[in-house]
Every structure is written in C-alpha cells, then in structure tokens.
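None of the values given here were measured: they were computed from a predicted structure.
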Amino acid sequence: MRSQPLGLLASALVVTLAATTFPAAGTALAADYERVLNGKFDTGAADPWWSSAGVTNRITGGELCAAVTGGTTNPWDALVGQNGVPFESGQSYTFSFDAHATAAQTIAAAAGESVSPYRGIAKQDFALTTAKQHYTFTFTSTLDFPDAGNGQVAFQLGGQATDNTICVDNVSLVGGVKPPGGVNPNPTKKVQVDLVAYVPGLPKRATLVSTATTPQTWTLKNSAGAAVATGQTTPRGADAASGDSVHLIDFSSFDTPGTGYTLSVGADSSFPFDISADPVKKLRYDSLAFFYHQRSGIAIDAQYVGAEYARPAGHVNVAPNQGDNNVPCRADLACGYTLDVRGGWYDAGDHGKYVVNGGIAAWQLLNSYERATRVGDPSAFRDGTLAIPEKSNGVPDLLDEARWEVDFLLKMQAPDGMAHHKVHDAAWTALPTRPELDDQVRRLSATSTAATLNLAAVAAQASRLWRGIDAAYSAKLLAAARKAYAAAKANPAKLADPNDNVGGGAYDDKTVSDEFYWAAAELYTTTGDATYRTDVTSSPHYKAAGLTRAGFFWGGTAPLGDITLALVPNGLPAADVAAIKAAFTSVADQHLAAMATMGYATPYDNSTDGYVWGSNSGVLNNAQVLALAHDFTGAAKYRDGVFEALHYLLGRNPLSTSYVAGYGDQAVHNVHHRFWAHQNDPTLPTAPAGSLSGGPNSGLQDPVVQRLLVGCPQQKCWVDDIGAYSVNEVAVNWNSALAWVSSWAAEKSGTPVTKPDCEVRYEASKYQGGLTAHVSLTNTGTTAWNGWKLAFAFPGTQRITQGWSANWNQSGRDVTATNMPWNAQIDPGKSVYIGFNASGTGADPAAFTINGKKCGTG
C-alpha cells in the first residue's frame, strides 16, 4: 500500500533550495538515527513513498522504479518522495542512495517542507547513467520538523522531453540527535468520555487520567456551563493497556436528555457529548451506508451519498480500467478459463475483492437481519430504510445490500465448484487512485478450501432468507452452496498461498476445520439434511467448543456456525442448543470480569498478542457475543457491556478519539483509502460518516507507525494518517461488525422490546419423503392461558398427515393447532407438548404465533 505527497515540494521555491552544505562548527554530535522508512524496498511495497501526477511507482527487482511521463518543464513537475521526515535545526544529515535510469538524466535530491510555504533545507543535482551508482551528500538542517510533521525528502525527476524510468534503492537519511517515534501527535484529554452520546436509562461512565491516589471531585455541566451533577472519582491506578494512571467516573444517576454536556475535574474538561439515543440509531444506518460506498461495478450516485462522495463505476471495462468482466487466473496458475466477477464490495482501502473477507462481512449483515426476525425488530431494515438504488423494490434493504456481495461470491465459483480466493490488481496501485482510474490488470488468485467454504456457508444462509422472497434465487443459492461444500470435501486442504501478497493481501489461513463446521451448520440449518447434521455434530468445534475471549474473525469462523445454530430452529437436541447458548454467556461473563479491571472498559483480550491489526473489529465481534448473551438470557449486564464497547470506540479511550468517522469532535478522518484521500489530495473527500478505523495495533506493521509510535502502550498504537494502513485502514468485515452491533444497540435504545409471552421449540426428525415434528409451547408470561392457538407456515412442500395433542388444520402452507380440552390451560412457566407427522420436504418454519402474538423460539 502506498502513500502520496502532502505538498509535493512542487512550487518554484524549491529551485532555490540550498546546495550541498556541511556541519557547522559546534553542533551536537549526531546519532546514527535513520530517518527514512523503507529505503531498501525489501517488503515488495513502496510505502510510504509517493509519486506525483505523471509518475508511476513500481517495485522491480528490489528497487523502486518510477516511470516518468515526458513533456514536463521543471524538475519538480515529476516527483517521488516521502513525507513526515523529521529534521532538527542545526543538526547534520547525510542523504544517500543508489540510482540508475533507462536513459541518462539529471535528477535532484531535495529536503524541505511539504506544505506551503514549501521552505527548502537542501538540494543537490546528480547525473544518472544507465549503470547503477551510489550517490551521497551531507547538509545541516535550518528547520525543525518533528515526527509526523511537514518534513519531506523528494527526488525531482521532471523537465525531460521524453518518457524515462528512474530506479532508486538503498535510500537513507541519517542524522539528528532525537530518537525517532514514541509520541502520538493527536491531542488528548484528561477526562475521557464517549464523544458522541450516552443513552438515557443506561450506565454512563468515563475515565480520568490522574496520578492522584485519592478521589477527585467531578462535575457534569450542561451546554450553558451550569453544573447539573457532581460526585467523586474512584482511583484505579496504573492501567497496563493504555499506560495511563486512571480514575473511574460514574455519572449514571444523571439521566436528563440533552446536548453539549461536559465532564470536568479541576481545570480539565472533556469533549462535549449528548445524552440521547438518537446518535446510535443514526449510526445503525451510517455504518450500513459504508457498503454502498464500497460497491464495485456500479456508479455511486450523488442522490444516495451526496456530490462529495459520488463517483463513476469502477472496474467495468471503461478505460483506463482493465475491467472485471473477463478476468483470467494468475499467469502461473494456467486455469484455462476467465470469470466475470463484476460487482461485490471493495474489501478495504484498495481495489481488491476477497471471498474470505467478503464472506464474513456478508454473513454478519445477513445474520443481523435474521437475528432481528427471530428475537428483535426487523422493521428497522425494511424496504426504504437505506439510501441505496434498491430501496423501493419490496425487499428489506439490508438484504438488498448484502445481495450485492452474495452475487459476487457466486461469481467467484470455478467450474469445479471451488471458489477463487480473491481478485485484485496485479500490482499495488498508488495512493490515491480512484476506482475508475485504476489501470492495473486484474487477476484471479487460486481457488482455496477456505474461500469455497465461505461461499457454501453464506449461500446456504442467504438461501433460507430469500426462500419467501425469491424462490428461484433461493434455489440458485442453495445449489451453489451444495456444490461448493462437496468441492471442499473433495479438496479439504487446498490452502491459500501466504506469499500471494502483491497487489492484494494474502489472507492465508492454515486451519479450515472451523470453516467446515460453519458451512455445515448453515447447510444443515437450511436443509435439515442428515449428512450435514453429522458433519456438524462430529466437528471438534461443536457446541461452541472453540469460543473464547479471542472471539471470531475472518480466519476463525466456527462461532458463526454456533450463532446460527443457537438462533435458528434446526432439529438439534435441546440440550445441545442450550450448551451453545451457555458457552456464549460463559465467555460474556469472562469479558465482563476483565472489563471491570480496565481503565477503558472494552471486551478485548490482549493477553497473548497485544492489540492486533483490526483490533476494533475484535472489540465489536466480542460485543456481538455480549449482545447474544443478552438475547439468550435477558440479563442487563450483557447489554451494558455492549454499550461499554461502543463508548470505547466512540471516544472513551486513551487517545480521546472516535474511531468512527463523522461521530464526535475528534473523529477519524484520514483512513487509508484510495478514494477517501483528502489528506493527500484536497479535491478528494475524507472518510464518510459511519466508517470504522481498524484501531490500535501494537505490532506497528507499516512505515508510518514505525516512525511515529515506537514504544507506544498498546491502546495508544494508532494515528489518524492515511499512510498508516496497519492501524487506520477500513475493511468490509470491520464495518459489518459495527453495523451488527450498532443495529442491536439501536434496537435496545428506544422503548424496551417487550419479551414475548410465549416460546415455541420446534424439533423435526426428517426421513425420505417426510418428517416427524415435536413442538413445545411455553407460557413465558405472567398470566395463565385458558385456551391457545398456535400458527405458523411451512416454507416447503410439507403436508401434515397425522397430529396429536392438538386439533391440527392446514390450508396451503399455513398451519394452525388449537388446544384439546385437557391441555387448554397453561400456567406461567409451564409447557404443553404436541406433534405431528408430515409428508414432503423443506426447511423448518421460521416464525410462530400463539393467540396472535409473536413467540420467541428456543
């Protein structure tokens, strides 16, 4: 991944940069601190080197080779450079590099300021030949630029009549006396709050950064500055993950809705925030809007996103795109066919599309809808709720958005049933590069077992959700899922190549037993077939055996199968379903216990690997575990844990930063993205509201954070910089987690959802041409039933042939059962057991009512 200039050192002032100079007498002895990052280009990527218009960077043979378009007038009309280079006034620096050119040419190496007024520090001309040579010059800086400041080094390559290619290697800038890194440049507060809002009726907590060992007085002020509540902090001492010494503030007793509140301790005050449920309800839709923004193969229309974010369709074979309609396999694979893989979502900040990342993202959106239909409120996703082209087609909008990716996943299926792991550019594109301006050729990577099982799982899940909407599409999905699962069983260990990381991420996964379990769970839930049931129950992952505080992610998907088995009636033994639910509550309890010890409460386990790439998605996936524990038990503690996770992401963290664009006074702007690249190109937008930054990553896996954040405490290993891709990229599977959790939280932020007064458990044993169903009806209300009527609809061809313990009637697919005289009364907490035999096939009924009221399902 690549970065681009802030100021380009491109004004005429650059010409007057000082010639070679030497250390002044009496200056401090410089240490051998390397100030340039990735000067050897050993990683195969150019980051954080950028190129200006008319210059294309490529890593070739371990060198950075810049293809320069001829016809420019001035040397600074064509540039390759690096920003954020620190300089100290009065200190000596040695700039050295190896270089050669296709045709002999004079270039300039320069140091100076990357933004107006573009002050220069030093500049030296060098005559390159076709032979690789070593060049060096030494100078004393006349300016101060700290880490992440506006210091810059650049090669000026313009002023030539014809095209040329200049290659550089072993680029080095050594000098200065201050050690690099260690400080995040973002301003922070001493009083850390959710920068957006706290929901009325729920806990409201904040964090004070203070070394005081005694309680401190806090004051809550309204927007007029008047005190409305006060109290004492609770000292907690050192917090390992943040490196802060902290106190906790609990102001839950104040519950008056309003805007512009602040918390103060002494002279320190927080950012302003609201007490309101409105922002989380808005976030539900903004987080989902992210996916329309990321669509490939369709113009992003201003009527849905505004003029700032509108753009032409990307990768639809309109020049300079090579297009996605006829994509061959990577040359070394020789697969012998091409695929039309238009559509889908761009995975992240680049233009790659990945089945294993798109799979979990699509599943999470579909599961958000399916969960709402089972235990929540699906009306929030009805047709017309999202700003998308399909908003008036009669289909719930969340399903419409998910279908854009599901259809792409189907297109990635090879003729033999396997799925290609990914499609992306043959080489990394520059930053920024608008999708419609991407001129790289597109290539399919090899098929893989993991990708194939992702396809099988999501297609099976989608099939049951579309069964009542579009039967033909549902059948198509199920056929693809069955074919993919069979292909994966025939190729159980075809793993993605970990070295396939040029032009796109590798997304390699050494273990696929979890994907087998997930896919089998989805297929069994959709079909009830005994073969899939056997694969589910014989898996080492069965009954949430692998669910831990580490949670789940694109490479660890077994809990996705558990969630489906726990939410959707499927014919498994009731004790096994109960065991799955119990595992979720057990892990949720572990999260809550750990969060109680944290300075910034968040459901994240950093004990083994620290904070990792995409840590914010880990926080949210674990929040989903807490949310499901609340769904399964109704316990308020789990609901409160979900909101604590959102408070962390929205500002109650040691960086006083909201990791969600558009939410809070200090929200992320400069995500790593090739279109939302305002930091590099003022004509382009910043990240749209609802986009989630990847978050702290103590592995420091990109050049920008390696320069800035050496020695950072784990929760402070983040910076809002477009070049910091290992901490500040976006991704579909991160925003799908935000969409799931914010949608759940929005549902819990209004009038409390009334717990159903009834619960129905449906278990069917299926055999060739028929089934036997056992149904339990439980009165979960507070008053007795004196007579009852059960109603549901068969989704398939089932016809009741015999029933017992009830009066059974069927009209078409609609079934009713009414009480017998001896089982008419059901007291609170009591159950009645009924059943029937039926012919035909199909999935189990999805929804039940008793006496006209929707029931929960066990």
Side-chain angles (χ1 to χ4, degrees), residues 3 5-9 13-14 16-43 46-50 64 79-99 108-115 117-124 126 134-156 168-186 700 702-712 716-717 719 721 723-724:
S3 56
L6 288 174
L8 298 176
L9 276 175
L13 292 174
V14 176
T16 64
L17 289 173
T20 303
T21 58
F22 297 93
T27 57
L29 182 63
D32 291 332
Y33 292 132
E34 177 61 68
R35 305 301 184 175
V36 164
L37 299 175
N38 193 25
K40 296 181 181 297
F41 310 107
D42 293 338
T43 65
D47 299 300
W49 295 90
W50 46 260
L64 187 155
L79 297 164
V80 170
Q82 183 174 134
N83 294 332
V85 180
F87 290 102
E88 301 161 56
S89 181
Q91 296 302 317
S92 176
Y93 296 84
T94 298
F95 192 7
S96 62
F97 58 96
D98 300 335
E113 188 173 24
S114 63
V115 298
Y118 305 110
R119 294 169 294 173
I121 296 174
K123 171 177 167 289
Q124 180 73 43
F126 296 96
H134 185 69
Y135 303 94
T136 185
F137 73 112
T138 300
F139 60 89
T140 296
S141 179
T142 56
L143 300 173
D144 270 310
F145 293 118
D147 287 342
N150 294 325
Q152 183 185 83
V153 296
F155 295 103
Q156 299 176 5
V168 296
D169 194 10
N170 298 316
V171 184
S172 174
L173 179 71
V174 174
V177 296
K178 295 178 182 177
V183 177
N184 191 307
N186 296 333
L700 301 182
D702 69 70
V704 171
V705 296
Q706 288 164 6
R707 168 184 283 142
L708 295 178
L709 303 178
V710 175
C712 55
K716 294 181 179 177
C717 294
V719 64
D721 190 288

Yes or no on side-chain contact (heavy atoms from CB on, under 4.5 Å) for I121 and F87, after CA distance, side-chain angles and deciding distance? CA-CA 9 Å; I121 296 174; F87 290 102; 3.8 Å; yes

Nearest heavy-atom pair of R35 and G175: which atoms, and what distance? NE-O, 2.9 Å

How many angstroms lie between atom CG of L708 and atom CG of D721, to the nearest 0.5 angstrom? 7.0 Å

Looking at E34 and L173, would you say the former's side chain and the latter's main chain have a donor-acceptor pair under 3.5 Å? yes

Would you find a donor on one side and an acceptor on the other, under 3.5 Å apart, between the side chain of W49 and the backbone of F41? no

Under 4.5 Å between any side-chain heavy atoms of T140 and Q91, yes or no? no

Between R119 and G112 (side chain of the first, backbone of the second, donor and acceptor by atom type, cut-off under 3.5 Å), is there such a pair? no

Among side-chain atoms of S141 and E88, is any donor-acceptor pair under 3.5 angstrom? no

Quick one, V171 with F95, criterion side-chain contact (heavy atoms from CB on, under 4.5 Å). Give me CA distance, side-chain angles, the key distance, then yes/no. CA-CA 8 Å; V171 184; F95 192 7; 3.7 Å; yes

What are the two closest non-hydrogen atoms of A109 and F126, and how far apart are they? CB-CE1, 4.0 Å

Decide if the gap between the ring center of F97 and the ring center of F155 is smaller than 6.0 angstrom. yes

From Y93 atom OH to S172 atom OG, the distance as rounded to the nearest 0.5 Å: 12.5 Å

Please walk me through it: do D169 and L64 pass side-chain contact (heavy atoms from CB on, under 4.5 Å)? CA-CA 6 Å; D169 194 10; L64 187 155; over 6 Å; no

Over all atoms of both residues, closest heavy-atom pair of T142 and G120: OG1-O, 4.1 Å

For the residue pair Y118 and N150, establish whether any side-chain heavy-atom pair is separated by less than 4.5 Å. no

Give a yes-or-no answer on whether the side chains of N83 and Q152 include a donor-acceptor pair shorter than 3.5 Å. yes

Taking side chain to side chain donor-acceptor pair (under 3.5 Å) as the definition, give me every residue that meets it alongside Q706, ordered by chain and number, with sequence neighbours left out. none

Suppose we call two aromatic rings close when their centres sit under 6.0 Å apart. Are F139 and F137 close by that rule? yes

S96 versus N170: any side-chain heavy-atom pair under 4.5 Å? no

Checking T94 now: which residues fulfil side chain to side chain donor-acceptor pair (under 3.5 Å) with it, not counting sequence neighbours? T138

What's the verdict on side-chain contact (heavy atoms from CB on, under 4.5 Å) for Y135 and D98, showing C-alpha distance, side-chain angles and the deciding distance? CA-CA 6 Å; Y135 303 94; D98 300 335; over 6 Å; no

